[in-house]
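Notes for the one structure printed next.
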Amino acid sequence: MNEITILGAYGTKGVNVGTSAFYIDERNVIDAGNLLVPLGKKSAEIESVWLSHSHLDHIIDIAYILDSYFAARKKPLKILGLKETLLSIKEDFLNNRIWPDFSAIKLLHSDEMSVVYEEIEPNKRYKIGESTYLQAYKTDHTVASCGYIVTKNDRSVIISLDTYSLDSTIENIDSREDIQTLVVECSFPSRMQQLAYDSKHLTPKLLFEKLKVMKKSNIDIYINHIKPLFLEEMRKEIALYQGEFRVKILKDGEKINF
Ligand SMILES: [Zn+2]
Ligand SMILES: [Zn+2]
């Protein structure tokens, strides 16, 4: 079955809501906004965190899964991302001031370090399982950022992560027959267009305007990264586009079949 689980569906951490993280399989996650609570002990088995960008809502639980399950880890945690993203994690986050530099700390029962870094190449397909692949592609945010295409058994879901433009996302959807499912961010209500522009996020109005240029129809569209404060307002707004597009708003813990 081609399935991913949404560990955190929202654009920030709130009371009873988790932020960006996607469970691909028992060893791989995309982003680390919400790992510790939904995965519990299974966090220690995560081997690779594939990052979209360096913002806190996408990286924060790297700190806590390393710390809480340090003694249980048998393998290094591989942090993968664009060159700029990894630089930011090393210099601004796991830097011995905000949190320990785990790349200089050995695992308890091994000579390997607790964290290793690996730069990824956009548009390169990485094999991560029997018939599972990940491919990053560049997106448009306030810092260097990428979305991901997850392929299982020749079918794919494309996850935009944080972005203002959808050009590269739509290009991939239209050029690849295997993509029938889109997970796309939408952060603020349409009345906050200026804030969306300044922070390089989408509103429902911007999102559906941009999706109109997509040639492929019949795509399943899942929305994530809504700021919880605006959830009810945005639910009503997004409902207006229902019919023209097949849209669903994601919740924490939900699974997507593709
Ligand atoms: Zn974000
Ligand atoms: Zn961001």
Side-chain angles (χ1 to χ4, degrees), residues 4-24 29-38 49-65 79-94 98 120 122 136-150 157-169 182-190 192-204 206-207 210 221-231 234 238 249-254 256:
I4 56 170
T5 305
I6 315 304
L7 298 174
Y10 301 91
T12 193
K13 201 191 242 311
V15 177
N16 297 325
V17 293
T19 189
S20 307
F22 298 82
Y23 186 84
I24 309 305
V29 291
I30 294 175
D31 284 347
N34 194 41
L35 301 179
L36 191 72
V37 171
V49 177
W50 301 75
L51 292 177
S52 63
H53 65 300
S54 56
H55 282 159
L56 195 63
D57 55 320
H58 299 252
I59 65 169
I60 185 149
D61 269 5
I62 289 175
Y64 295 120
I65 65 166
I79 301 176
L80 303 103
L82 299 173
K83 187 180 179 180
E84 298 90 332
T85 307
L86 297 186
L87 193 67
S88 198
I89 301 290
K90 291 177 201 172
E91 289 187 350
D92 308 323
F93 185 41
L94 303 180
I98 299 294
I120 55 170
Y137 66 97
K138 289 267 192 98
T139 51
D140 168 38
H141 197 36
T142 54
V143 292
S145 63
C146 62
Y148 282 93
I149 299 166
V150 183
V157 53
I158 186 165
I159 310 173
S160 80
L161 282 311
D162 296 11
T163 191
Y164 181 73
S165 158
L166 284 180
D167 294 353
S168 55
T169 303
L182 163 68
V183 179
V184 68
E185 80 120 291
C186 194
S187 298
F188 301 112
S190 301
M192 299 175 103
Q193 186 148 335
Q194 188 60 44
L195 179 62
Y197 178 75
D198 292 339
S199 60
K200 290 220 168 188
H201 282 299
L202 293 167
T203 67
L206 288 167
L207 167 64
K210 288 169 196 258
I221 301 171
Y222 294 89
I223 291 178
N224 78 327
H225 209 273
I226 289 180
K227 300 287 178 181
L229 183 65
F230 307 120
L231 186 56
M234 288 176 69
I238 289 164
I249 296 173
L250 286 169
K251 291 199 267 301
D252 290 355
E254 211 158 348
I256 294 179

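Atoms within each ligand, like the ligands themselves, are counted from 1 in listed order.
If you put the vertex on the Zn ion (ligand 1), OD2 of D162 and OD2 of D57 sit 170° apart, to the nearest 10°. Atoms ND1 of H55 and NE2 of H141, as seen from the Zn ion (ligand 2), are separated by an angle of 90°, to the nearest 10°.
The distance from the Zn ion (ligand 2) to the nearest N/O/S atom of H58 is not under 2.8 Å. Residue contact annotation: H201 places no N/O/S atom under 2.8 Å from the Zn ion (ligand 1).
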*Are Y137 and T169 close enough, and set up right, to give a side-chain hydrogen bond (donor to acceptor under 3.5 Å, both in side chains), and what steps lead you there?*
CA-CA 8 Å; Y137 66 97; T169 303; 2.8 Å; yes

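For NZ of K138, the number of neighbouring non-hydrogen atoms (other residues, nucleotides, ligands) closer than 6.0 Å is 12 at most.
With hydrogens and angles ignored, the 3.5 Å screen pairs no side-chain donor or acceptor of K227 with any backbone N or O of F188.
The shortest side-chain heavy-atom distance between I226 and I238 falls under the 4.5 Å cut-off.
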